[in-house]
Amino acid sequence: MKGKVRGLIKKDLLDVLRDPKVYVGFFLPLLIFAAFGFISAVTAPPSTVPLSVYVSKNWSFLDSYLITQGAKISSSPFNSDAIISISNNSNFLILHVTFNMKDINQIYYAKAEALNYVLNNFQSYYRNYLLKKAGVADFKIISNPVNYSFITNINNVTYPFNPIYIFEMTQVEEFVAPTILFALCIGMAEMSATLITVEQEEKTFEVLLSMPIKRYEILVSKIIASFVISILSSIFYLVGLVIFSNEYLSLLGDVQTGPLVFVNTTIFLIFVLLLIISTIFSSSLGILIGLLSKDLRIANVYLGLITVPILIPTLFFIAGGSLSYVSGPFKILLLLLPPTYAIEITRAFITRYLTGYWILGIIVGLVETLIILYISSLIINGTRLRLLKNKKVKEDKTN
Amino acid sequence: MPLYVKELFKAYGKIIAVRGISFNAKEGKVFGLLGPNGAGKTTTLKIISTVLKPDSGNVFLNEVDIVNRPETAREYISYVPEDVGTYRNLTGYEHLTFAATVYAKNKEEYNEFLEEGIRIADLGNKIYEKTKSYSKGMKRRLQIARALMVKPRLAILDEPTAGIDVFHAINIRNVIKDFAAKNSSIVIVSSHNMFEVEKLCDEIGIINQGVLLKAGSVKEIKGDSQDLEEVFMKLASGTQLSSEKSEV
Ligand SMILES: Nc1ncnc2c1ncn2[C@@H]1O[C@H](COP(=O)(O)OP(=O)(O)OP(=O)(O)O)[C@@H](O)[C@H]1O
Ligand SMILES: [Mg+2]
C-alpha cells in the first residue's frame, strides 16, 4: 500500500517536474511579491504632507492652533487644501470645512487624514480653552463644543461628506472593480489559449493546417470567436457592476449623473470601451500562448506568467496609486499595460472627472493587440518556418 | 495526377526522422507506407499534407508543388492525422458541415459533400450527437468521412485503422479502397501492420529509420517470400528494429 502511494506520487512529480518550462511558473510568486512590494512602496502615503488651510473669518485663535499643528495658513481660498468658515449656534462653534482635491490619490488621502486629526484635536483644545477662559458650565456644550460640517470638492464635483468617507468608498469600489476586471481578463486569456491548445492536443489543428484555409483566416476566426466570448463576459461584468454600483456607489448621492444612477453616462461608455479593449488584449495574449504551447500544462504556465502584467495595474490602483503621482520607468510600464486604463477610469465613477488617459488607453490597447496578433501570425505561418533548419528551402510566398 | 515524392529530408533537432525518401503514387490506387514505430511515416505524411515543411526535397501532386505552393495544393488534399480527435461539443454532423463549408464551391456541392460524408461515416442517428459520446472507432470513421467526402485528389490517412476492431477495420478498408477506385484519387496510408497493408494497398513502400528500403506493388515486394513480415525482416536486417507486434 505504502509502496503504491509512493509510486503514484513519484510518477506525478516526475511527470510535472521534468518539463523545464514548468519551473518558469515557479517564479510567479517571486514576480508577484516583487511587484507587490514595489507597488506598495510607490503608492505608500508620504510620512509628512503639507496642509494649507484658509480660514475665512480671521480668527487668530484657530489660526495659531493650526500653525502649532503644522498646517500652513493660506492667505487666499484658492489653492488651499481646506477652507474653514466659522459660525456660532447658541455657544456651539460650527466649523464648515471644504476640502479640495484634484484627484483621488495617496497625497490627498494623507492630507485628509491630517486635517481630520487636527480638527479632532481641536475639539479638546477648544474645550480646555472654554473651561479655563470663560468657565462655561453647560455640560452639553463642554462635551462637544465644536461641530463640523464637511464638503468635499473633487474637481468641482461636490459631495456633502468628509473626504475620509469618500476615500473609504473609493477603497471598496477600487478593490471590487479591478479585481473582477482582473478575473475577467485572465479568464479571457485562458479561454483563447484553450481554444488553440485543445486543438493542438486533439490534432484537429493539423487538420485545419492542411485545409484550404489561409493562415490568417484561422487566426482571425480564433480572434473573432474569442472576441464574441469577450463581449459576452463583458456584458455580465457590466451588469454586475451596475448592480454593485447601484447598491453601493449610490450612497454618494445623485451628483451630476446620467441615466445610470451612479455614474456619468459618458464615463460609463468610455469605461465599456476600455473594458472591451482590455479583454480583447487578453484574448490576443491567450492566442499567442495557445500557439506557443503544445499542451495545456505549458499553456497554464504561460497563463500564470501573464497574470503579472494584468496584476500590476490592478494592485497599483487597489493600493490607491494614481497615474499623476508616479513617474519614470514604472509609469511607462503602467501606461504600456492596457488594463491600466480600464481600471484607472473606474476612479472616475467617484471623481466624475476624466483624466484624459483613456484616449491613450484606446491607442495603446489596440496597437498592442495588433502587435501580438502580428507575432501570432508569424508563429502560425512559421509552424513550418520555425522548424525549417535548411535555409535553402524557399519560403512559401503564397502564404 | 500522380504524386511524386523526391528526396525528402526532415530533422527534429538532432533526430533525423526522414533521410531521403522518394516514391511515386498512382491515381486510383492506395499506396501504403509500411514501417515500424519511429520509422518516419508520420513525418513523411505531415510533409505531404503541407503541415510540416521538409528541410529539403520536393513533393509534387502532378504539376502542383506541395512544398513551395502549399496554398494551391491544399485545395486538392485531405489529411487525417494519426490519433486525431474531434471537437467534443460539436456533433458529427457539424464536423461534416464545417468541412463541407471549407471545400464546397457552391450549394449543390455542399449538399453533395454532406450526403457523401453521412454515407461514409455510417453512424446512423449518432451523427447528430456530440462527439464526446463517440467511441474511438466512431471518431475515426467520422474523420475519414470528413476527409473523403470532399473527393480530394489526394487523401493522406495516417494509420486509419489503428486501435479499431477487426469488423470495423474491414469496413474502413473497404471505404478507402472504394474511394480511390471510384474517384481515381490517390490514397496514401501508413501502417505497421503487414497484414493490413497487404489487404488494403495496391503499392507499398517499406521504410525503416527514415529510409525507404523498397517500393513497388505488393506482388513485386513479396517476390518469393511467404509474407511481408518476412520481407521486412530481411530488408531491415542489420538495422535495429523497434517494431511492435501488429494490431488487428
Ligand atoms: N515533434 C518531434 N520532436 C522530436 N522528434 C520527433 C518528433 N516527432 C517525431 N520525432 C522523431 O522522428 C522519428 C520519426 O517519427 P514518426 O512519428 O515520423 O514515426 P512513425 O513512423 O510515424 O512512427 P509510429 O508508427 O510510431 O507512428 C522518431 O524517431 C521520432 O522520435
Ligand atoms: Mg506515426
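Chain letters run A, B, ... following the sequence lines, proteins first, then strands; residues in each count from 1.
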Please list all pairs meeting salt bridge (charged side-chain N to carboxylate O under 4.0 Å, His left out) that have one or both residues in residues 271-287 of chain A, counting only residues at least two apart or in different chains. none
With a 4.5 Å cut-off on side-chain heavy atoms, are B:Y87 and A:T204 touching? yes
Do A:E206 and B:K46 have side chains that get closer than 4.5 Å, going by heavy atoms? yes
Residue part contacting chain A, namely of B:R146, when any heavy atom lies under 4.5 Å: side chain
Chain A contact via B:F98 - side chain, backbone, both or neither, heavy atoms under 4.5 Å: side chain
Return yes if some donor-acceptor pair links the side-chain N/O of A:K203 with the main-chain N/O of B:E82 below 3.5 Å, else return no. yes
B:R74 side chain vs A:L209 backbone, donor-acceptor pair below 3.5 Å: yes
Among pairs that include at least one residue of residues 16-70 of chain B, which meet ring pair (Phe, Tyr, Trp, His ring centres under 6.0 Å), considering only residues two or more places apart or in two chains? B:F23-B:F31
Identify the residues of residues 193-202 of chain A whose heavy atoms come closer than 4.5 Å to a heavy atom of chain B, ordered by number, or report 'none'. A:E199, A:E202
Counting only heavy atoms not in [X], do more than 12 fall under 6.0 Å of its [atom1]?
| X | atom1 | result |
| --- | --- | --- |
| A:F236 | CZ | no |
| B:E115 | CD | no |
| B:K29 | NZ | no |
| B:K132 | NZ | yes |

For B:P81 and A:V207 the tightest heavy-atom approach is CD-CG2, 3.5 Å
Quick check: closest heavy atoms across A:S210 and B:V51, and the distance to 0.1 Å? CB-CG2, 4.0 Å
What do the steps show when you test A:M211 against B:Y79 for side-chain contact (heavy atoms from CB on, under 4.5 Å), and what is the final call? CA-CA 8 Å; A:M211 283 180 160; B:Y79 173 49; over 6 Å; no
Can you list, pair by pair, the side-chain donor-acceptor contacts under 3.5 Å of residues 10-19 of chain A, counting residues two or more places apart and other chains?
{"residue": "A:D15", "atom": "OD2", "partner": "A:R297", "partner atom": "NH2", "Å": "2.9"}
{"residue": "A:D19", "atom": "OD1", "partner": "A:K21", "partner atom": "N", "Å": "3.1"}

